[in-house]
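Each chain gets a letter, A, B and so on, in the order the sequences are listed, and its residues count up from 1.
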Number of protein chains: 2
Amino acid sequence: MNWTKLTFDWNQARALVAVADLGSLSAAAKALGLTQPTIGRQISALEADLGVVLVERSGRSLTLTVSGREVLEAARAMAEAGLRLSLVASGQAQALAGPVSISASDMFAHYALPPVLRHLQAIAPALEIDVIASNEISDLKRREADIAIRHVRPTGSELYARLLREATAHLYAARSYLDQIGRPGSVAELTGKNFVGFGKRAEMVQYLEMYGISTTESDIRFNSANGAVAWEAVRKGLGFGFMAVDFTRGLTDVEPVLPNEISVKFPIWLVTHRELHTSPRIRLVFDVLAKALEAQP
Amino acid sequence: MNWTKLTFDWNQARALVAVADLGSLSAAAKALGLTQPTIGRQISALEADLGVVLVERSGRSLTLTVSGREVLEAARAMAEAGLRLSLVASGQAQALAGPVSISASDMFAHYALPPVLRHLQAIAPALEIDVIASNEISDLKRREADIAIRHVRPTGSELYARLLREATAHLYAARSYLDQIGRPGSVAELTGKNFVGFGKRAEMVQYLEMYGISTTESDIRFNSANGAVAWEAVRKGLGFGFMAVDFTRGLTDVEPVLPNEISVKFPIWLVTHRELHTSPRIRLVFDVLAKALEAQP
DNA sequence: CAATTGGTATGCGTAGTTGCATGAATTGGA
DNA sequence: TCCAATTCATGCAACTACGCATACCAATTG
């Protein structure tokens, strides 16, 4: 194979096929999920790279040059093979079947996983996904789960782990609640306010102490080991509570409180057994989860 | 055509073919003019995107999975079509024949054009390129040239112009010369030194004045309207002279003088007649010049 | 069994590509 | 003939993907 002849940008060839078939840059862009300027630049770049003028810009309509039609023929063959590739892969993915269990904190299970699982369902409908929403961290080693999402660095050489990213959490409160009691202007003003606990009251007090907020366990008027329940309490105005910013997008009934002063960073690890990672079924779920969760939702 | 099935990254398919054929990421990277991390990430991304595990990483050697072999078949068909595309385009370009004249300042003609023209020669050997090295700016309108490289914004609606980028020039002097007379620590210390002029003595004095360097025309001991000649004089130690930084890369016998204080920015415009831009021959040269010159050499 | 070689994974800074917003140009219809 | 609609071009900001440097890992060699 002559590799040097293949080093042109293949995506630009795709742009050519789309433009030729659909008649305009805008239409091609829409079909490929890109924008008109991008397609325009890809065509220009392809022309400059190949050293051939492919399209004639005459006002509103584009027409292919003679050279363009010749090149298009080969590009269309690429597109047809690409379509075949896509269908084959899709078939392979759909053939993947069997159980996969994912362990995650209840917050993640509740807010982050559903959209990812819907996507997973689309590409591998025969998988049987089992989500274990639990804040315990021993599931994996006891083989209770195949894949786990963790917020501490996993230990043990039998595990394969990947740090996806650092997430940020702030203190939040309901907008209506803040309207009522006023918005704190400094950390000191939070002393003695009502808080919502996520599990252990003592830990919550300790956390708040770290940010200079003195509270007692009795200030935590509401507490639940179930994160989603606790968060609903915050949204309903029962007090201040921590929340990852990722899960608050689009929410209009809550506000971050002093986000510059109070900001908790925590890692997101994706973990599986070293040997399970060679199983196509597990690998697929692992990779899809990794891709989806490492980008900000 | 089902466009949504074609929105995967075609370059990643190319990576798969190269890896499968050459047996390793490193070899594939070398063949495609990329690096091993890039190829590795492209394969991973393709897997995540298609939802299929394609390669099995077992120590030092990679093997394709069953799914991988199926997908590879289609990817190889893409590569073969891509090769055909490249050959067709190359043939089309080689068929372009005829004269094209390019006007540029003698500096550009001397230092920037030759490598570009060599590249042009490779993709369209039948073109007859004529380079007009002149510092006059009327060539284009009088039809003495088809394409011009200019450093002032062209006027006239009958012209088609593109701003390629901003270039930077500094004051330079020969290393040996500086060893002899000492390196100026401030702009003031340049007063009364020897300078090399690029054309008109009066203009040079004016330029130097702008940067707080008072000189007289008699300080310009050497002057040539031919930029290359003047620059050779600078390199041989006849005095200080301006030069575009792009043309000094790899030169060890000259040094920039107070580059932070003395820095001239000037634009690079590529210009042609509006109607000539529709000619394939001219368009090719225009586009190749644009692509080559808008990147820092 | 240590050293070396050929290869893959990962962190980080940068350059190139993308999308958005806007301007310019052309066509078809009122 | 003018207006509205559609499309392409361009400037700019943000992000993604790239390359470099390096750590890591397996297999071969002495």
Side-chain angles (χ1 to χ4, degrees), chain A residues 7 9-12 14-15 18-19 22-49 54-63 153 157 160-166 267 269-270 274 277-278 286-287 290-291 294-296, chain B residues 7-12 14-15 18-19 22-49 54-63 153 157 160-166 267 269-270 274 277-278 286-287 290-291 294-297:
Chain A
T7 55
D9 192 320
W10 287 19
N11 291 326
Q12 293 171 359
R14 176 182 60 189
V19 168
L22 299 169
S24 80
L25 300 184
S26 322
K30 192 146 47 119
L32 295 175
L34 298 169
T35 59
Q36 167 264 315
T38 298
I39 297 293
R41 286 187 271 242
Q42 286 187 352
I43 297 290
S44 300
L46 184 63
E47 290 180 320
D49 192 48
L54 299 168
V55 299
E56 207 61 65
R57 275 105 160 147
S58 57
R60 135 143 88 187
S61 67
L62 300 181
T63 41
R153 190 186 230 293
S157 62
Y160 176 86
R162 233 174 91 187
L163 174 60
L164 298 184
R165 64 183 171 95
E166 291 270 315
W269 288 88
L270 199 58
R274 194 164 286 283
H277 195 239
T278 60
F286 190 94
D287 291 349
K291 190 184 179 188
E294 72 188 0
Q296 233 77 261
Chain B
T7 54
F8 68 96
D9 192 320
W10 287 20
N11 291 326
Q12 293 171 359
R14 176 182 61 189
V19 169
L22 299 170
S24 80
L25 301 183
S26 320
K30 193 147 47 116
L32 294 175
L34 299 169
T35 58
Q36 167 263 316
T38 297
I39 298 293
R41 286 188 269 244
Q42 287 188 352
I43 296 290
S44 300
L46 184 62
E47 289 181 321
D49 193 47
L54 300 169
V55 298
E56 206 62 63
R57 275 101 158 151
S58 56
R60 130 146 93 188
S61 67
L62 299 181
T63 39
R153 190 187 231 293
S157 62
Y160 175 86
R162 232 173 91 186
L163 174 61
L164 299 184
R165 64 184 171 95
E166 290 270 316
W269 288 87
L270 197 58
R274 194 164 288 282
H277 194 240
T278 60
F286 189 94
D287 291 348
K291 191 183 178 189
E294 72 189 0
Q296 234 77 262

>> Run the side-chain contact (heavy atoms from CB on, under 4.5 Å) test on Val55(B) and Ile43(B) for me, step by step, so that the C-alpha distance in whole Å, both residues' side-chain angles and the decisive distance to 0.1 Å come before the verdict.
In response: CA-CA 8 Å; Val55(B) 298; Ile43(B) 296 290; 3.9 Å; yes
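- With sequence neighbours excluded, the residues forming a side-chain contact (heavy atoms from CB on, under 4.5 Å) with Asp49(B) are Lys291(A), Phe8(B), listed by chain and number.
- Note on the helix from dC1(C)-dG30(D) to dA30(C)-dT1(D): angle between the axes of the first and last five pairs equals 30°, rounded to 10 degrees.
- Taking for each of Gln12(A) and Ala161(A) the nucleotide of DNA chain C with the nearest heavy atom, the 5'-most of the two is the partner of Ala161(A).
- By the side-chain contact (heavy atoms from CB on, under 4.5 Å) test, Ala290(B) is found to be paired with Arg162(B), Leu164(B), Leu270(B), residues two or more places apart in sequence or in another chain being considered.
- Ala161(A) pairs by the side-chain contact (heavy atoms from CB on, under 4.5 Å) definition with Pro154(A), Trp269(A), Val271(A), not counting sequence neighbours.
- As rounded to whole Å, 20 Å separates atom P of dA15(C) from atom CG of Asp9(A).
- Atom CZ in Arg14(A) sits about 13 Å away from atom C1' in dT18(C), given to the nearest Å.
- Taking 4.5 Å as the limit, some side-chain heavy atom of Leu46(B) sits within range of a side-chain heavy atom of Leu54(B).
- The NZ atom of Lys291(B) sits 14 Å away from the C1' atom of dT17(C) (whole-angstrom rounding).
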Do any side-chain atoms of residues 26-37 of chain A form donor-acceptor pairs under 3.5 angstrom with protein atoms, and if so which ones, sequence neighbours left out?
from: Thr35(A); atom 1: OG1; to: Thr38(A); atom 2: OG1; distance (Å): 3.1

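- Atom CG of Leu25(A) is separated from atom C1' of dT18(C) by 15 Å (rounded to the nearest Å).
- Annotation: salt bridge (charged side-chain N to carboxylate O under 4.0 Å, His left out) contacts involving residues 31-47 of chain B, sequence neighbours excluded, comprise Arg283(A)-Glu47(B), Glu47(B)-Arg57(B).
- Leu22(A) contributes atom CG, which lies 11.5 Å from atom CG of Leu62(A) (distance to the nearest 0.5 angstrom).
- Contact check of residues 28-48 of chain B against DNA chain C (heavy atom, cut-off under 4.0 Å) returns Gln36(B), Pro37(B), Arg41(B).
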